[in-house]
Structure formats: C-alpha cells, structure tokens
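Have a look at the structure below before the remarks.
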Amino acid sequence: MDTDKVKIYGARVRVDSMSKVAQIEGAEKEKMKEKVQKIIGHGINCFVNRQLIYNFPEELFADAGILAIEHADFDGIERLALVTGGEIASTFDNPESVKLGHCKLIEEIMIGEDRLIHFSGVAMGQACTIVLRGASFHVLDEAERSLHDALCVLSQTVIDSRVLLGGGWPEMVMAKDVDELARKTPGKKSLAMEAFSRALQAIPTIIADNAGLDSAELIAQLRAEHHKERSTAGIDVISGAVGDMEKLGISEAFKVKQAVLLSATEAAEMILRVDEIITCAPRRREDRM
C-alpha cells in the first residue's frame with residue numbers, strides 16, 4: 001500500500017509550474033484509489049496490512065466502512081491467516097481466487113500499557129494467544145521456555161494419551177521382572193540381565209539423590225514393596241519416603257518413558273558391539289632446524 005508514492009532514494013522531479021506538481025500528486029492518488037477499489041471489491045470489512053498504509057487510502061477504507069490495520073507482525077499475520085481460515089494475498093486483481101478469513105469480533109484491548117488488537121470467534125476455535133509479562137527479559141525467557149515445554153508435553157499427550165505411574169515405579173517393575181528372568185537363565189546371559197536390572201534401578205536412585213534423600217534406604221524399601229502383588233509404590237520426594245503413586249496422582253507419559261528406555265538400550269548395545277578401538281599414533285614431526 002506504500003508503493004505508489006515517488007520515494008526512490010535520490011530521485012528528483014523537476015517541473016516548471018505548481019500545476020504539474022498537483023498532476024503528479026493526483027496521479028499518485030488515482031493509483032492508490034484504484035488499488036483500494038480493488039481491495040474493497042473483495043467484499044471485506046477488515047483489511048490487515050504488513051506495512052504502512054498512507055492517510056489517503058485509510059480515508060477511502062473508512063468511507064467504505066472497512067477497518068484498516070497496518071504494520072502487522074510478519075509472523076503474526078501468518079498465524080492469523082491460519083486461524084481465521086484465510087490466505088495472505090499479494091495481488092488484488094482476482095478477488096474470486098482469494099480465500100477470505102472470518103471472525104466474529106475484532107476489538108482493541110489494553111494489557112498493561114500496551115494496546116493489542118484481539119480477534120475472537122475465529123474459524124479454528126481452539127486457537128488462542130498467550131501474553132507473557134515479567135519484570136525482566138530473564139523472567140520472560142524462563143516463562144517462555146517453561147510454557148513451551150508444557151505445550152510440547154500436552155501435544156504429545158494428545159497424540160498418545162497412555163500414561164504410567166511416576167516416582168521410579170516403572171523402573172522397579174521392569175527391574176523385578178528382569179531379575180526373575182535372570183534367575184531362570186543359565187550361562188553368562190544372566191550376568192548381562194542382572195546388569196540391565198541394576199541400570200533400571202539407577203533411575204529411582206537418581207530421583208532420591210536429586211531430592212537430597214537417602215537413596216540406599218529408599219531403594220531397599222521400594223524393592224521390598226514391589227515384591228508384593230500389584231504394588232504401586234514409588235518415591236515421594238515431598239514427604240521423603242516411599243508412597244503410593246496412584247493415590248498421589250504422580251504419572252508420566254508412556255511415550256517419553258518408552259523413548260528414554262529404547263535410546264539408552266540402543267546406546268548400550270552400540271558400545272558392546274564395538275570389538276576394539278583403533279587408534280592412530282600421531283605423525284612425528286621432522287626436526288628441520
């Protein structure tokens with residue numbers, strides 16, 4: 001909307017009368033008016049532009065009852081087009097090929113000292129905007145990272161809604177079954193299985209250590225609890241003891257637990273499959289003095 005002005009850097013236009021200046025300005029206005037008429041022809045009541053809108057076309061939009069919004073955020077306009085169900089148009093010659101977006105209400109709201117334009121009742125009703133406010137950039141960055149992590153967990157949970165009890169419960173259940181299988185397995189394979197069981201028990205041990213608790217005591221109690229039938233025991237870091245994970249509502253995503261377990265197992269297998277490490281002695285430099 002700002003391409004119809006004579007604004008080339010260093011350009012000069014020489015005329016011999018004021019009437020010709022008026023003709024140049026009139027030609028600019030006609031070009032702007034023609035473009036505005038093409039936009040109005042789309043049958044819209046709100047026009048959002050990424051760049052500047054001059055006063056004259058803004059007046060024309062106002063006369064036609066169209067709200068004109070300028071200097072829209074580049075990334076924001078793409079999300080806005082997505083949630084309103086429209087497309088970003090770069091030309092206005094073919095109104096029939098342009099897909100328009102729709103929303104029920106456009107209003108200007110105040111958040112703190114900032115004025116924001118709020119679009120509500122969009123085609124994609126699930127869409128929303130979260131405004132973060134903080135005393136410093138460090139607080140804002142930390143809040144944004146926390147929110148991003150939470151949204152990632154939420155999106156993955158929607159894709160796969162299966163959950164497991166937390167607090168080291170899955171690892172202790174797996175370690176118990178692996179131990180039982182190791183006792184029934186003859187030969188050196190049982191040693192590898194016992195090592196895998198100890199590796200699984202390292203997770204609840206780390207949970208206890210990170211909480212500043214006595215991991216040796218808690219793991220011993222946890223192992224005894226898991227020898228009971230259908231035990232849901234895990235480490236309750238709040239009380240510093242073994243607790244019922246089901247009653248406490250402590251859970252974690254099955255997909256995350258599966259990915260961690262498979263990645264760790266594959267890494268261990270890769271290391272074990274390396275027969276020998278080949279090292280090359282550094283080349284000796286000749287004494288050229």
Side-chain angles (χ1 to χ4, degrees), residues 124-128 130 132 142-274:
M124 289 180 62
Q126 302 90 346
C128 67
I130 299 174
L132 299 177
E142 189 61 34
E144 185 177 358
R145 280 193 293 270
S146 300
L147 183 64
H148 180 266
D149 292 344
L151 290 175
C152 288
V153 171
L154 183 62
S155 64
Q156 292 301 316
T157 305
V158 170
I159 295 170
D160 189 350
S161 60
R162 291 177 293 176
V163 293
L164 295 170
L165 297 177
W169 175 84
E171 288 79 14
M172 294 304 296
V173 171
M174 289 186 285
K176 178 188 173 185
D177 289 343
V178 172
D179 269 335
E180 290 178 356
L181 187 60
R183 293 191 190 98
K184 300 174 185 177
T185 305
K188 290 184 178 180
K189 286 185 179 180
S190 62
L191 298 176
M193 296 168 74
E194 288 174 2
F196 191 84
S197 173
R198 288 195 300 273
L200 289 169
Q201 291 180 25
I203 299 299
T205 303
I206 292 169
I207 292 173
D209 289 337
N210 288 345
L213 305 174
D214 186 355
S215 59
E217 176 68 23
L218 287 175
I219 296 302
Q221 293 179 17
L222 198 57
R223 192 184 297 111
E225 285 290 331
H226 275 270
H227 277 285
K228 301 176 182 177
E229 288 294 326
R230 297 186 177 275
S231 175
T232 56
I235 296 175
D236 181 8
V237 296
I238 304 299
S239 63
V242 174
D244 190 338
M245 298 292 102
E246 192 172 2
K247 290 181 180 179
L248 294 171
I250 299 173
S251 61
E252 54 187 322
F254 170 79
K255 191 172 183 179
V256 174
K257 184 62 65 179
Q258 184 185 38
V260 169
L261 190 64
L262 292 176
S263 300
T265 307
E266 287 172 4
E269 287 179 359
M270 191 182 301
I271 294 169
L272 291 172
R273 283 173 181 168
V274 176

Exercise. Between CG of Leu151 and CD of Glu144, what distance do you get to the nearest 0.5 Å?
Worked result: 10.5 Å
Problem set entry | Leu165 CG to Lys247 NZ distance, which is reported to the nearest 0.5 Å | 13.0 Å
Seminar exercise, completed: Closest heavy-atom pair, Glu252 versus Pro170, reported as atoms and distance to 0.1 Å, is OE2-CG, 4.1 Å
Exercise. Should Glu180 and Arg183 count as an ion pair when the cut-off is N to O under 4.0 Å?
Worked result: no
Problem set entry | Within 6.0 Å of CD1 in Ile238, more than 12 heavy atoms from elsewhere | no
Seminar exercise, completed: Rounded to the nearest 0.5 angstrom, the CG-OG1 distance for Leu200 and Thr205 is 11.0 Å
For this session: Determine whether Arg223 and Gln201 make a side-chain contact, defined as any pair of heavy atoms from C-beta on separated by less than 4.5 Å.
Result: yes
Problem set entry | For the student: nearest non-hydrogen atoms of Gly168 and Pro204, plus distance | CA-CB, 4.1 Å
For this session: To the nearest 0.5 angstrom, please state how far the CZ atom of Arg162 sits from the OG1 atom of Thr157.
Result: 12.0 Å
Problem set entry | Reported OG-to-NZ distance for the pair Ser190 and Lys184, which is rounded to 0.5 angstrom | 14.0 Å
Problem set entry | Student check: side-chain heavy atoms of Leu218 and Val242 closer than 4.5 Å | yes
Problem set entry | Side-chain touch Phe196/Thr265, heavy atoms, less than 4.5 angstrom | yes
Exercise. How about Met172 and Ser231: do any of their side-chain heavy atoms sit closer than 4.5 Å?
Worked result: no
Problem set entry | Pair Glu217-Gln221, side-chain donor/acceptor within less than 3.5 Å | yes
Exercise. Within the side chain of Ser146, is there an N or O that forms a donor-acceptor pair under 3.5 Å with the backbone of Glu142?
Worked result: yes
Seminar exercise, completed: Test side chain to side chain contact (heavy atoms under 4.5 Å, CB included), reference Ser215, set Ile235, Asp209, Asn210, Leu222, output is Asp209
Problem set entry | Closest heavy-atom pair and its distance - Ser251, Val163 | CB-CB, 4.5 Å
For this session: Can you establish whether the number of heavy atoms outside Gln258 located under 6.0 Å from its atom CD is more than 12?
Result: yes
Exercise. If you measure from CG on Leu164 to CE on Met245, what distance do you get to the nearest 0.5 Å?
Worked result: 13.5 Å
For this session: Would you mind reporting whether Leu213 and Ile207 have side-chain heavy atoms less than 4.5 Å apart?
Result: no
